[in-house]
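Inspection log for the structure reproduced underneath, given as C-alpha cells.
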Number of protein chains: 2
Amino acid sequence: MNRVLSLPAEIPEIAGETSSTLKAFGVLEVLVRAGRAVTLSELMQATDLPKPTLHRTLTLFEEAGFLAREPGGRAFIIGERLSRFALDVLRSDAAAAQRRTILRALVSEITETCNLAVLKKGTLVYLDRVEAPWPLRLHMAEGGGGLPPHCCASGKLLLAHLPPPERQGLLGLLPLERFTERTITDRAVLESELDRIVSVGYAVDNEEYVLGVACVAVPVRSRDGDVIASLAVQGATARLPLMRAIEFIPRLRAAAAEIGSTFG
Amino acid sequence: MNRVLSLPAEIPEIAGETSSTLKAFGVLEVLVRAGRAVTLSELMQATDLPKPTLHRTLTLFEEAGFLAREPGGRAFIIGERLSRFALDVLRSDAAAAQRRTILRALVSEITETCNLAVLKKGTLVYLDRVEAPWPLRLHMAEGGGGLPPHCCASGKLLLAHLPPPERQGLLGLLPLERFTERTITDRAVLESELDRIVSVGYAVDNEEYVLGVACVAVPVRSRDGDVIASLAVQGATARLPLMRAIEFIPRLRAAAAEIGSTFG
DNA sequence: GCCCGCCGTTCCGTTAAACGAAACGCATGG
DNA sequence: CCATGCGTTTCGTTTAACGGAACGGCGGGC
C-alpha cells in the first residue's frame with residue numbers, strides 16, 4: 001500500500017501558494033484527480049505541504065461536508081456537498097457550451113484552428129480555443145500570462161477597438177517587443193495600423209509573432225455593439241497563406257455574431 | 001438590473017463562518033447556483049459578507065483561474081479551472097462508488113454494457129461505465145473530449161431535457177455531423193425527436209452513431225425532479241436488437257431512480 | 001454641464017486565523 | 001519489547017485575513 005500519487009503538472013505548486021484558500025483548493029484538486037480514496041500521507045507526498053496543515057485543511061472540509069472518510073477507513077473521499085457543488089458548476093456552464101459549440105462548428109467547416117480571446121490586463125488571453133485536426137500545431141504559451149497584443153491579430157483588433165483614452169494609455173506602455181522581422185515595433189506605425197483595422201473591420205497577423213504563422217481576427221460584439229472579444233483563425237502559412245485566411249472572413253463574421261449573442 | 005440573488009437554504013450562513021477557506025467556498029457555491037454571471041454587489045446581498053472581503057476572495061479566484069470575468073463586464077463567471085475541477089469531482093465521487101455498485105448490479109442482471117453520462121460543454125461525457133462480459137466491445141473515444149450528442153441515445157435524452165433556452169441555443173449550433181445513414185442531420189427532425197423523447201421518457205439510438213450498435217437511455221433525476229444525467233444500455237445489435245433493449249427500460253428506470261437518489 | 005449616488009477598488013491599522021516543529025497515541029510487526 | 005509509520009494534538013510564532021473608510025469612475029437626473 002505504498003502507492004505514489006502523482007501531482008498533475010497543471011496544478012501549480014501548491015506548497016508555494018501563499019493563500020490558505022488556494023492551497024486548500026489545490027489539495028482538493030489533487031485528491032479529486034486521484035479517482036479513489038486518498039490518505040493524508042499520500043497527499044503529503046503529492047503536495048509537499050506539512051502534515052498539520054494538511055490535516056487541518058482536510059478535517060475542515062470534512063466537517064463542512066465537502067469531504068468524507070472512506071467507510072471503515074481513514075482515507076478521504078468526496079463528500080456530498082462537493083459532489084453537489086460540482087454538479088451545479090457543470091450545469092451553469094451552458095453559455096460556455098454554446099460558445100464552444102459555435103467554435104467547433106466553425107473549425108470543422110474551415111479546418112483551421114480558431115480561438116476566442118479577450119484583452120486582460122493589457123495582454124491577450126484565450127477564452128476558448130479549438131484546434132484543427134492537423135499534425136502541425138503550435139502551442140501558445142497559455143497558462144498564467146497571456147500573449148503580447150501588438151503582434152497578433154486578435155490583440156491588435158482588441159487594441160484598435162478600445163475607447164481612445166485606454167487605447168492611448170496602453171499604447172504608451174506596451175513594450176512592443178520584437179519577435180520576428182515583421183513585428184510592428186514603432187508606436188506610430190502601430191497606431192495607424194489600428195486605425196486601419198477599425199475602418200476595415202478585421203485584423204491580420206502576417207508572421208508578426210511567429211514565423212510561418214498567420215492569423216485573421218474579427219470582432220465579437222455585444223448586443224449593444226461594443227467589441228467584447230475577438231474571434232480569430234490561425235494557421236501555418238504553408239497551409240493557410242494570408243490570402244486564404246482572408247477568404248474566411250465572412251464565415252468568421254457569422255460565427256462572431258452568433259458568439260456575441262451568447263453574452264449578456 | 002436590480003435582481004436579487006437568493007441564498008439557497010442549504011448553504012449554511014456564510015458570514016458566520018470563521019474559516020476564510022469555507023467562506024470562499026460558500027461564495028463559490030452561491031455564485032455557481034445563480035447559473036449566470038454575478039456581480040460583487042449581488043454577492044454582498046446574498047452572502048452578507050463585507051465588500052472588501054468578497055472582492056479579495058473573488059479576485060483571488062480570478063487570478064487562479066477558478067473564476068473569470070464576463071467579457072465586457074465586471075460580473076464573475078465560472079473559469080476554466082473550476083469547470084475542469086467539477087468534472088473531476090463528478091468522475092471520482094464518493095457516491096460514485098455507490099453508483100458504480102448500482103451500475104454493476106444492473107449490468108450483471110441484463111448482461112449488457114451500461115453507462116452513466118452528463119452533458120458538458122455541449123458534448124456527452126461518461127461519469128461511469130460498466131462493460132458487459134462479452135468479447136465484442138466498442139471503445140468510445142474517452143479521454144479528453146466527449147461524444148456528439150445528436151446521435152447517441154444519452155445525448156439526445158439530455159438535450160431533450162435541457163431548459164428551453166439552452167436547448168434552442170445548442171440545437172441551432174450543433175454541427176449534426178453524419179456518422180451513419182441513420183444519423184439525424186436535420187434540425188427539424190432532431191427537434192421533433194427530442195419532443196418525442198420528453199413525452200415517452202426515454203431515448204434510443206438505432207445505429208445512428210456506429211453501425212451495428214444500438215442504445216436506449218432513460219433520465220436520471222435529482223430529488224427535485226431535474227434531469228441530471230442519463231443512464232443507458234448499449235450493445236451490438238447482433239446480440240441486442242433494439243426491441244430487446246427496449247424491454248430493459250423498466251429495469252433501467254429502477255436503476256436510474258436508485259442512482260438519482262445518490263445525488264444531493 | 002454639474003451633481004449625486006452606486007459600485008468596484010484600494011488603503012491600512014487591527015486581529016485572529018493559519019502555520020508547522022515537536023510531541024503524542026496507537027496501531028503493526030519484527 | 002522496541003522500532004516504525006501514520007494520524008492526531010499542542011502551542012508559541014507569524015502572517016494573512018479582516019473590514020471600516022476613503023477613493024474613483026461611470027451613469028442618471030436635473
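We name chains A, B, ... by the order of the sequence lines, and we start the count at 1 in each one. In what follows, every heavy atom counts, from backbone to side chain, and hydrogens, waters and symmetry copies are set aside.
In this entry the distance linking CD of B/Glu62 with P of C/dG8 reads 13 Å, nearest Å. Protein atom NE2 of B/His55 is 11 Å distant from nucleotide atom P of C/dC11, rounded to whole Å. D/dT8 atom P lies 7 Å from atom CG of A/Leu40, rounded to whole Å. The distance from atom CD of B/Glu70 to atom C1' of C/dG8 is 15 Å, rounded to the nearest whole Å. The interatomic distance linking A/Leu43 (CG) with D/dC6 (P) rounds to 13 Å, in whole Å. Rounded to an integer number of Å, the gap from CG of A/Leu58 to C1' of D/dC6 is 14 Å. If you measure from atom CE of A/Met44 to atom P of D/dT8, you get 13 Å, rounded to the nearest angstrom.
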Practice task
Apply side-chain hydrogen bond (donor to acceptor under 3.5 Å, both in side chains) to the pair A/Glu258 and A/Gln98, showing each step before the final yes or no.
Solution key: CA-CA 9 Å; A/Glu258 288 186 84; A/Gln98 285 187 29; over 6 Å; no
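A donor and an acceptor atom sit less than 3.5 Å apart, one in the side chain of A/Lys51 and one in the base of D/dG7.
For residues 50-60 of chain A, there are no salt bridge (Lys or Arg N to Asp or Glu O under 4.0 Å) pairs, not counting sequence neighbours. Listed by first then second residue, pairs satisfying ring pair (Phe, Tyr, Trp, His ring centres under 6.0 Å) with a partner in residues 22-49 of chain A read A/Phe25-B/Phe25, A/Phe25-B/Phe61, A/Phe25-B/Phe66, A/Phe25-B/Phe85, not counting sequence neighbours.
For A/Arg187, the side-chain contact (heavy atoms from CB on, under 4.5 Å) test picks out A/Leu176, with sequence neighbours left out. Listed by chain and number, the residues in a ring pair (Phe, Tyr, Trp, His ring centres under 6.0 Å) with A/Phe76 amount to none (sequence neighbours excluded). Every residue two or more places apart in sequence or in another chain was checked for a side-chain contact (heavy atoms from CB on, under 4.5 Å) with B/Ser108, and none qualifies. Partners of A/Ala37 by side-chain contact (heavy atoms from CB on, under 4.5 Å), not counting sequence neighbours, listed by chain and number: A/Glu70, A/Ala75, A/Ile77. The side-chain hydrogen bond (donor to acceptor under 3.5 Å, both in side chains) test applied to A/Asp186 returns no partner, not counting sequence neighbours.
Between its opening and closing five pairs, the helix from C/dG1-D/dC30 to C/dG30-D/dC1 changes axis direction by 30°, a value rounded to 10 degrees.
Although no hydrogens or angles enter the test, the distance criterion places a donor-acceptor pair under 3.5 Å between the side chain of B/Arg69 and the main chain of B/Arg74.
For the pair A/Ser41 and D/dG7, the criterion of a side-chain N or O lying under 4.0 Å from OP1 or OP2 is met.
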Problem - Under 4.0 Å protein heavy-atom contacts per nucleotide of nucleotides 13-20 of chain D, with B for base, S for backbone only and - for none - result: ---SSBBB
